[in-house]
Amino acid sequence: MYRALLLATGLFFAPCFGAAGSEDDAPRQIDQTFRDSVEPFLKTYCLGCHSGQKPKGDMDLSVYGTSESVAKDLKHWELVVEQLEAKSMPPAKAKQRPT
C-alpha cells in the first residue's frame with residue numbers, strides 16, 4: 001500500500017513536468033490521480049489523527065483536499081511522503097496500517 005501511494009504521488013506530479021499526456025490533459029490527470037489514490041489513502045490512514053482542532057504533530061492533512069492544495073505546499077507534502085517512506089507513519093499502534 002505504501003508503494004501504491006508513492007507511485008500515485010509520482011504519477012500525481014508527473015504531468016506537472018511534462019511526463020504524461022498533453023498540457024491540456026495534465027490538470028485533469030492530476031486531479032483524477034489525487035481523487036483515486038491520494039485522497040482515499042489520506043482518509044483511511046492519516047486524517048483520523050492529522051485533522052481537527054488539535055492534529056497530531058501539528059500536521060493537519062485535512063487541508064490537502066485537492067491536488068491544487070498539495071501543489072501549493074510541496075515542502076509540507078514532501079515531509080508526508082518522507083514519513084511514509086520511513087514507515088514511521090502511520091505509527092505501529094495505529095488501528096489501520098497500509099500493507
Side-chain angles (χ1 to χ4, degrees):
M1 183 59 90
Y2 284 109
R3 287 184 182 170
L5 179 67
L6 296 176
L7 176 61
T9 302
L11 293 173
F12 178 73
F13 291 112
C16 295
F17 303 106
S22 71
E23 286 184 33
D24 294 336
D25 291 338
R28 188 178 43 188
Q29 290 172 348
I30 291 170
D31 290 339
Q32 188 66 46
T33 300
F34 183 85
R35 283 191 305 272
D36 291 348
S37 300
V38 178
E39 190 175 272
F41 188 94
L42 290 174
K43 286 180 180 178
T44 301
Y45 300 107
C46 307
L47 295 181
C49 295
H50 295 287
S51 64
Q53 291 186 344
K54 291 189 177 186
K56 299 273 182 161
D58 291 326
M59 185 173 285
D60 184 358
L61 298 179
S62 67
V63 299
Y64 299 109
T66 65
S67 60
E68 186 178 339
S69 64
V70 172
K72 286 181 179 179
D73 192 7
L74 290 180
K75 189 168 184 162
H76 200 142
W77 186 253
E78 288 171 355
L79 181 59
V80 171
V81 173
E82 184 179 298
Q83 293 296 311
L84 291 169
E85 286 178 326
K87 296 187 179 177
S88 58
M89 285 291 140
K93 66 180 181 175
K95 292 179 183 176
Q96 279 190 295
R97 289 181 51 88
T99 55

Exercise. Give every residue pair that meets the ring pair (Phe, Tyr, Trp, His ring centres under 6.0 Å) criterion with at least one member in residues 80-99, sequence neighbours excluded.
Key: none
Exercise. Keeping to residues at least two apart or across chains, list the ring pair (Phe, Tyr, Trp, His ring centres under 6.0 Å) pairs with something in residues 79-99.
Key: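 Of all non-adjacent pairs touching residues 79-99, none passes ring pair (Phe, Tyr, Trp, His ring centres under 6.0 Å).
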Practice problem: Verify side-chain contact (heavy atoms from CB on, under 4.5 Å) between F41 and D36, making sure each step is shown before the conclusion. | Solution: CA-CA 9 Å; F41 188 94; D36 291 348; over 6 Å; no
Quiz prompt | Pairwise salt bridge (Lys or Arg N to Asp or Glu O under 4.0 Å) hits with a residue in residues 37-50, at least two apart | solution =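 Found E39-K43.
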Quiz item: Do L61 and V80 have side chains that get closer than 4.5 Å, going by heavy atoms?
Solution: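 Sidechains of V80 and L61: in contact.
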Exercise. Kindly give the heavy-atom pair with the smallest separation between L84 and M89, and that separation in Å.
Key: CD2-O, 3.4 Å
Self-check item: Distance-minimising heavy-atom pair for F34 and G65
Solution: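 For F34 and G65, the tightest heavy-atom pair comes out as CE2-O, 3.4 Å.
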Quiz item: Any side chain to side chain donor-acceptor pair (under 3.5 Å) pairs touching residues 50-60, not counting sequence neighbours?
Solution: D60-S62
Quiz item: Which residues pass the side chain to side chain donor-acceptor pair (under 3.5 Å) test with D73, sequence neighbours left out?
Solution: Y64, H76
Self-check item: All side chain to side chain donor-acceptor pair (under 3.5 Å) counterparts of E78, not counting sequence neighbours
Solution: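 Applying side chain to side chain donor-acceptor pair (under 3.5 Å) to E78 gives none.
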Quiz item: Roughly how far apart are R28 CZ and S67 OG, rounded to 0.5 Å?
Solution: 13.0 Å
